[in-house]
Structure formats: structure tokens, C-alpha cells
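One structure is given here, and the rest of the page talks about it.
Only heavy atoms go into these numbers, but all of them, side chains included; no hydrogens, no water, no symmetry mates.
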Amino acid sequence: MKCFHCGFELSDKEFCTSCGADVKLYKKIMHISNRFYNEGLNKANVRDLSGAVISLRQALKFNKNHVEARNLLGLVYFEMGEPVAALSEWVISKNIRPQKNIADDYINDVQSNPSRLETINQTVKKYNQALAYCYADSSDLAIIQLKKVVSLNPRFVKAQLLLALLYINDEEWEKAEKALKRCLKVDVNNTTALRYLKEVNLMLEGDETATPKKKKSAVAKEAITYQSGNETIIQPISLKEPVVGSSTVLNVLIGLVIGLAVCYFLIVPAKVQSAQAEIEDQLQVISENSDEKTAQITDLEQRVSALTDENTKLTEQLQAVTGEGGAIQSVDGLLATANSYISDPDDLDILADSLYQIDKIYVETESSEAYRNLYHSILEQVGGEIADNCFSKGKTLKNQGDYSAAIEILEKAWYFDNESAEILYTLAETYQESGNMDKANELYSKLITDFSDSEYAQMAQQNIADAATGGNRSTNPEDQPEE
């Protein structure tokens, strides 16, 4: 046990040996909480779940941070068919102790099964609907819903109790007895179920102590006697003259009417009720199968969605390897360049085209070390010659006025030698002469920034200024007069 003030481990003293806080009452409260927890644990072990709930809630009243009590209370709720209440307790426990808490396993076990979550959701909805039917005094509909609930979750104690209560209200004692016995299998000492079962047993057994009433004995006169002179005449009472005529026919008609009434009011309703019960049972089976199929379909749809996402990711990865600009294409390009270099190292145009198509970003960031070393080795061998060759051809095309072709080949020259201020200046000037002043200014600015000490930087500044004022003069060092 740790001090509530400083967190230091407490001794048997009535004060904290670290901070001096008075912990006498605190210890007493913690001991009471632990006692209720042990009591709840003992009740849970003998399946007295309702009693365990009461004890564990008392333990949490004294110590709301009692993690073990919360975890056990969640297990008891889950065993009683109340997963929502169980998850609530486990989530609170997880927030109290984020690390090394068995509540993690309980939560993951419930949430990792989508079909179980769907079943829990259906159970809660149907139970709430049954309560609404009860409040609306529609006991038949409530019984149908509760049958579905207990078929999905037979350990739902509250649903079993409510179903038994509705059966008691409809005087269906045997069905009520079965529901209560199923409830007591889960929670053996549920006082509500035991009270209901006692009443049901009384109605099933009847009042055995009662005795039937005796008929009152009376001496009936069996005959009427009277004197007629010296003779005594005896006339029996039971002797009656037979009734004949219309009264007999009337009695027969009355008997027929009574028979028809009995058939209409007793036999037909019983047949209708039996047919309705059979239809309701069939509907319950169909509804249960439908719920199960719905849960399976939902599970399968989630699996299909996950597999589709995984397939999309794998396709993207495959495209990154085999598609345009992918690793395989880059490797093929470098191998073709190496083959060209080995076959004819003097064919600079083919080498320039092959090397120019290789992505420098891929080489420096994603390629293997062997790939990168081969690329740099070829570039070191022929890069300078290619740059000079492209620059020479680009200047020639520029002087001839073929600016688009000149720009294309000067871009290659700059690609292979990005340390040459002259190449960059010539490329910028070509863009300017072609009429693309925005691109020219961009390259002039790069030249001024990266080659500030070069004479080309000063000429770039002059070209920018002339372009801004409408001037247009050549600033190429080769075109300048010698002083």
C-alpha cells in the first residue's frame, strides 16, 4: 500500500515515514475496500454473480482506483450477459493503469471479433425494443423480442428475468419456470429469480393443504303420502309426466345453438392461437437465421474491404518497381548505358541519351550501393566529354537560331556539368533570345546566387536590367570587344 500524498510504500505505522502524512483513516478505507473485493471474489467463485456485483461496487465506493475490483466486476457483468457494462469497467480500468493491465486482453478479445460485436449490438437493440413493448403494454411483441435476445445471448440474466415476468403475467407457469431455471444456472443466488420461482412453484403445485368442501347432507323426501279414507296413497316425487310436443323441438334447437357457440368461442380460438404460436416460432427461427446471415455478410464485407486495400497497396508497390520510372526500368537504363560505353566509348550522343534518362533522385535516395557506384563511375569517365560535346552543339544551334533544339541539348550539357557557369549562362541567354524571359530570369538568378564571383554573374545582372528597361544587347564574353 502506497501513501496517497507522496506515493511512498507505507509501513505498519499510522503515518507515512516519508512525508509524515496521517494515514490511519486511509489504511482503514483501503482495508474495507479490499475486504469487499475478497467477498465479491468468493461470491463470483460460487456463481453468486448478483451478490458479487453488490460487493464489488461497494469496494469501488471506498476505492474507485481498485483496478482488480473493476476488472472482476467487468468479468461478472460479461458472464451475466451485459458486455456493454463490462467494457465500460475495463475501459475505466485501462485509464487508471495503462500498462500491465489484463483489461487490455479482455477488450481486445471482444473487439477483435466483428461478428461478436454485431451480436452484442443486436442483443442490446432487441432488449431495448422489448422494454418499449412492455411500457406500451404489448406483452406478446415483448416476448417475441426477448426470445430472440435469449437465443443470441442465453446468459443475459435481465432478459431471462423479464421474459419470466411476462410469462407469469400471462399465467404460463411452465415457461416461466424454464426461464427462471436458465437464469439460476448463470446466477445461482439471484434473489429476484428465486422470488419469482417460489411464486411459480406455488401456482404449479396448487394449495395442497386445502380440503374440498363436503356437501351438505339432507334427507330429501322421496315420496308424498296422504290418506284417502281408510287407504294410504304414496306418490313418488321423481315421477313426472313426459313433456311432448313443441318443447322437445325447442330444447333440441337450444342444444344445437349452445354447441355452435361452444365451437365458435372455445374450439376455434384455441385452433387460431395454436396456429399463431406455430407461425411465431417459424418467424423466430427465420429471424435468428437472418441475424446470423447478416453478421456473416458484414464480416465478409469487412474482409473484402481489407483485402481490396491490401491489393491496392501491393499494386502500387509493384508499379513502383516495374512501372515507368520504377526500379527495374532504372536498372535496365543503367545496364544499357554500360553496354553502350563498353561497345563504343566514343559514341557520346548515345551515352548522353542513356545517362540523361536516368533519374538522379532515384540514384541518390533509393538505389543500391552497387547501382550508385556504377552510375558515378560511368559519369566520371564520360561526363565531362559529354558536357563539352553537348555545349559545343548547343552553341552552334543557338547561333543558327534553332533555339528549341539548342535549349534541349544545352539542358543535357548542364545536366552533365552543373558546375559550369558558362553553360548555365548560355542556357539562360538562349531562353531569353527564344522569348521565354521568365525561365531566363530564373536561370540568371541561379547564376548570380551560385556563381557570384564569376564574370557571368555580372553579365546576368546586366541582362536582367536590360530586359527590365526594354534593352536587348548581347553580353556573351565572346561577343565583347577586346580592350
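- In plain terms, the two heavy atoms of A406 and G394 that are nearest each other are CB-O, 3.6 Å.
- Partners of D48 by side-chain hydrogen bond (donor to acceptor under 3.5 Å, both in side chains), not counting sequence neighbours, listed by chain and number: N189.
- Contact of the K313 side chain with the E310 side chain is not registered, since no non-hydrogen atoms from C-beta on lie closer than 4.5 Å.
- Between N95 and I92 the shortest side-chain heavy-atom distance does not fall below 4.5 Å.
- Side-chain atoms of E442 and K446, non-hydrogen and from C-beta on, never get closer than 4.5 Å to each other.
- Ring orientation note: the planes of F451 and W414 are nearly perpendicular, at an angle over 60° on the 30°/60° scale.
- To the nearest 0.5 Å, the span separating CD1 on I386 from SG on C390 amounts to 7.0 Å.
- When the salt bridge (charged side-chain N to carboxylate O under 4.0 Å, His left out) test is applied to K185, no partner is found at least two apart in sequence or on another chain.
- In terms of the salt bridge (charged side-chain N to carboxylate O under 4.0 Å, His left out) criterion, E408 has no residue partners (sequence neighbours excluded).
- To the nearest 0.5 Å, atom CD of residue Q99 and atom CG of residue D104 are 8.0 Å apart.
- Note that the CG atom of L75 and the CZ atom of F78 stand 9.0 Å from one another [nearest 0.5 Å].
- Between the side chain of N311 and the main chain of L307, no donor-acceptor pair closer than 3.5 Å is present.
- Taking all atoms of both residues into account, the shortest heavy-atom contact from D109 to S112 is O-OG, 3.3 Å.
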(message) Working note: F36 + I32, criterion side chain to side chain contact (heavy atoms under 4.5 Å, CB included); need CA distance, chi angles, decisive distance, verdict.
(response) CA-CA 6 Å; F36 278 117; I32 293 174; 3.6 Å; yes

Ignoring hydrogens and angles, write down the donor-acceptor pairs under 3.5 Å from the side chains of residues 140-158, residues two or more places apart or on other chains.
{"residue": "K148", "atom": "NZ", "partner": "S287", "partner atom": "OG", "Å": "3.1"}
{"residue": "S151", "atom": "OG", "partner": "K147", "partner atom": "O", "Å": "3.3"}
{"residue": "S151", "atom": "OG", "partner": "K148", "partner atom": "O", "Å": "2.6"}
{"residue": "S151", "atom": "OG", "partner": "E288", "partner atom": "OE2", "Å": "3.0"}
{"residue": "N153", "atom": "OD1", "partner": "R155", "partner atom": "N", "Å": "3.4"}
{"residue": "N153", "atom": "ND2", "partner": "G81", "partner atom": "O", "Å": "3.3"}
{"residue": "R155", "atom": "NH1", "partner": "E79", "partner atom": "OE1", "Å": "2.8"}
{"residue": "R155", "atom": "NH1", "partner": "E79", "partner atom": "OE2", "Å": "3.4"}

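- Between the CG atom in L161 and the OG1 atom in T192 there is a gap of 6.0 Å [rounded to 0.5 Å].
- Within the 4.5 Å cutoff, no side-chain heavy atoms of N42 are placed close to those of V46.
- For D402, there are no salt bridge (charged side-chain N to carboxylate O under 4.0 Å, His left out) partners, not counting sequence neighbours.
- For residues 121-139, the set of pairs meeting the salt bridge (charged side-chain N to carboxylate O under 4.0 Å, His left out) definition, not counting sequence neighbours, comprises K126-D291.
- For the residue pair N169 and S139, no side-chain donor N or O sits within less than 3.5 Å of a side-chain acceptor on the partner.
- Residues satisfying the salt bridge (charged side-chain N to carboxylate O under 4.0 Å, His left out) criterion with R57, sequence neighbours excluded, are absent altogether.
- Put simply, the side chain of F391 reaches to within 4.5 Å of the side chain of E422, judged on heavy atoms.
- Remark: D453 CG is loosely packed, at most 12 non-hydrogen atoms of other residues, nucleotides or ligands lying under 6.0 Å away.
- Qualifying side-chain hydrogen bond (donor to acceptor under 3.5 Å, both in side chains) partners for K181, counting only residues two or more places apart in sequence or in other chains: E177.
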(request) For side chain to side chain contact (heavy atoms under 4.5 Å, CB included), just list the numbers for L56 and Y37, CA-CA rounded to whole Å, side-chain angles, deciding distance to a tenth of an Å, and then say yes or no. (result) CA-CA 5 Å; L56 292 171; Y37 167 70; 3.8 Å; yes

(message) Using the rule given for side chain to side chain contact (heavy atoms under 4.5 Å, CB included), can you reason through S50 versus T191, listing the C-alpha separation, both sets of side-chain angles and the distance that settles it, and then say yes or no?
(response) CA-CA 8 Å; S50 56; T191 54; 5.7 Å; no

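- The backbone N or O of V304 lies less than 3.5 Å from a partner atom in the side chain of T308, making a donor-acceptor pair.
- In the model, N463 has no side-chain atom that pairs as donor or acceptor with a side-chain atom of N441 under 3.5 Å.
- For the residue pair N436 and S434, no side-chain donor N or O sits within less than 3.5 Å of a side-chain acceptor on the partner.
- Remark: Y196 pairs with no residue by the ring-ring contact (aromatic ring centres under 6.0 Å, His included) rule, at least two apart or across chains.
- Looking at S305, its side chain never comes within 3.5 Å of a backbone N or O of E301 through a donor-acceptor pair.
- A salt bridge is absent between R35 and E39; no separation between the charged side-chain nitrogens and carboxylate oxygens falls under 4.0 Å.
- A side-chain N or O of D466 and one of Q462 form a donor-acceptor pair less than 3.5 Å apart.
- You'll find the side chain of M80 reaches within 4.5 Å of the side chain of V53, heavy atoms only.
- Atoms CG and CG, on D438 and L443 in that order, are 11.0 Å from each other to the nearest 0.5 Å.
- In this structure, S55 contributes its side chain and G51 its backbone to a donor-acceptor pair below 3.5 Å.
- Taking both residues in full, the closest heavy atoms of A69 and A59 are given as CB-CB, 4.4 Å, listed atom of the first, atom of the second, then distance.
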(request) Walk me through it: do K94 and W90 pass the test side chain to side chain contact (heavy atoms under 4.5 Å, CB included)? (result) CA-CA 6 Å; K94 180 72 169 62; W90 291 334; over 6 Å; no

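- Summarising the geometry of L49 relative to V76, their closest heavy-atom pair is O-CG1, 3.6 Å, with the distance given to 0.1 Å.
- A heavy-atom distance below 4.5 Å is not found between the side chains of N71 and E89.
- Looking at E68 and R97, a side-chain N of the basic residue comes within less than 4.0 Å of a carboxylate O on the acidic one, giving a salt bridge.
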(request) Please assess Q432 against Y444 for the test side-chain hydrogen bond (donor to acceptor under 3.5 Å, both in side chains), listing each intermediate value before the final yes or no. (result) CA-CA 10 Å; Q432 181 180 359; Y444 283 144; 2.6 Å; yes

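- With sequence neighbours excluded, no residue forms a side-chain hydrogen bond (donor to acceptor under 3.5 Å, both in side chains) with T430.
- Remark: S454 pairs with no residue by the side-chain hydrogen bond (donor to acceptor under 3.5 Å, both in side chains) rule, at least two apart or across chains.
- The distance from the CD atom of E429 to the CG atom of L447 is 11.0 Å, given to the nearest 0.5 Å.
- Salt bridge status for D187 with R47: absent, with no side-chain N to carboxylate O gap under 4.0 Å.
- Qualifying side-chain contact (heavy atoms from CB on, under 4.5 Å) partners for Q302, counting only residues two or more places apart in sequence or in other chains: P114, T298, D299.
- Residues K43 and L41 fail the side-chain proximity criterion, which asks for heavy atoms closer than 4.5 Å.
- For M30 against N63, the heavy-atom pair with the smallest separation is SD-ND2, 3.6 Å.
- A pairwise comparison of heavy atoms in L73 and L60 identifies CD2-CD1, 3.8 Å as the closest pair.
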